[in-house]
**Student:** 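Sharing a structure here in structure tokens format.
Sequence positions, counted from 1, serve as the residue numbers for this chain.
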Amino acid sequence: MQTNRPKVGLALSGGSALGNVHIGVLQSFQDHKIPIDCISGTSAGAIVAACYAFGVPVEDMVDKTKSLSWYKISNLSYSRMGLITTDNIGRLTEELIGKVNIEDAKIPLAIIATDIESGEPVVFKKGNLSQAIMASVCIPGLFVPIEVNGRQLVDGGLVENLPLSPLQEMGAEIRIGVDLSRWRNYKKPTSVIDVMLNSLDIMTHTQTKEQAGRAEILIEPHLEKYTSSDFKKAVELAAEGYRAATLALPAINNALYPQPSVKEAANGNNNFFKKIVAWFKE
């Protein structure tokens, strides 16, 4: 197999409970020996990207997410800035990975958040991991913003839900994006959380579509049967991710190990025969 291959980067988008799809994508890549040289994530994608970058087994990711719910990942807030906090998400991160810094990951990792004052993207490539994830998943209005270095940070989906640009900065020549918004429906709201989740999803859908055009390869799982609150369907969502990633394997392998065209192959054969004739003439 060709060893001098292009550098591969994987971008995992946000989507709350739909982020379980990313686990299945990673399992398919692992089973089919698709290399990942750097990885980025936004919101739910940031959690899965971090787990992968630090070597958390896929089985452990699924086991942990199967027991999650909004109740378990949030704490009531006494702040005027949000209804609940991301403290439990920080604790979940440390249970899975530990109290670590981003720069200590086994492969380069980038996590995306948004500065709610300036509207600027904030890309974490170093610093406290759980703090960066807490910022990246912080749905504005629902969660209290996370203060990092004097900046008030919220969900990275506001600026780059499909975080492909950090991969280019990390040297990725083939950027693979996993877009959770392409094939899906929205849940009929029955609570303020549903209203906020739908609002964020609708708002980020258009810009995600634009960002997707920057990917060399795009994985778009069919998620019409699921909603961003379906935490109890972690296994089914992971299966959808596995299926979508496996369907993309021919394109990925062709990008990694391109086969010569018929013309190139013919020219190669002609050169070979010319060498044979030259040897006989000698």
**Student:** At their closest point, which heavy atom of E160 faces which heavy atom of L164, and how far apart are they?
**Tutor:**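 In this case the closest contact between E160 and L164 is OE2-N, 3.1 Å.
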**Student:** Checking K125 against M170 for the side chain to side chain contact (heavy atoms under 4.5 Å, CB included) test, could you report, in this order, the C-alpha distance in whole Å, the side-chain angles of both residues, the deciding distance, and whether it holds?
**Tutor:** CA-CA 10 Å; K125 294 181 182 177; M170 289 190 281; 4.1 Å; yes
**Student:** Of all heavy-atom pairs between G14 and N161, which one has the smallest distance, and what is that distance?
**Tutor:**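 Closest approach of G14 to N161, heavy atoms only: N-OD1, 3.2 Å.
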**Student:** Assess whether a salt bridge exists between E173 and K7, defined as any Lys/Arg side-chain N lying under 4.0 Å from an Asp/Glu carboxylate O.
**Tutor:**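 Salt bridge flag = no for K7 with E173.
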**Student:** Which heavy atom of L180 sits nearest a heavy atom of L18, and at what distance?
**Tutor:**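 Heavy-atom minimum between the residues: CD1-O, 3.5 Å.
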**Student:** May I ask you to say whether R91 pairs ionically with E94, meaning some side-chain N is under 4.0 Å from a carboxylate O?
**Tutor:**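 Result for this pair is no, no salt bridge flagged.
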**Student:** If you measure from CG on L167 to CD1 on I174, what distance do you get to the nearest 0.5 Å?
**Tutor:**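 Here the interatomic distance stands at 12.0 Å.
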**Student:** Quick check on side-chain contact (heavy atoms from CB on, under 4.5 Å): which of T42, V154, V123, T114 does V159 satisfy it with?
**Tutor:**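 With V159 as partner, T42, V154, V123, T114 yield a single side-chain contact (heavy atoms from CB on, under 4.5 Å), made by T114.
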**Student:** For D115, is there an ion pair with R151 - N to carboxylate O distance below 4.0 angstrom?
**Tutor:**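 Salt bridge present between R151 and D115.
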**Student:** Do you know the tightest heavy-atom contact between A248 and I219?
**Tutor:**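 That closest heavy-atom pairing would be CB-CG1, 3.9 Å.
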**Student:** Can you tell me if CD on Q168 sees more than 12 non-hydrogen neighbours from other groups inside 6.0 Å?
**Tutor:**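 Counting neighbours around CD of Q168, 12 or fewer heavy atoms of other residues, nucleotides or ligands fall under 6.0 Å, so no.
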**Student:** Compare every heavy atom of E103 with every heavy atom of G127, then report the nearest pair and how far apart it is.
**Tutor:**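 Result for this residue pair: N-OE1, 2.8 Å.
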**Student:** Can K64 and E95 be counted as an ion pair, charged N to O under 4.0 angstrom?
**Tutor:**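 Looking at E95 together with K64, the answer is yes, because their closest N to O distance falls below 4.0 Å.
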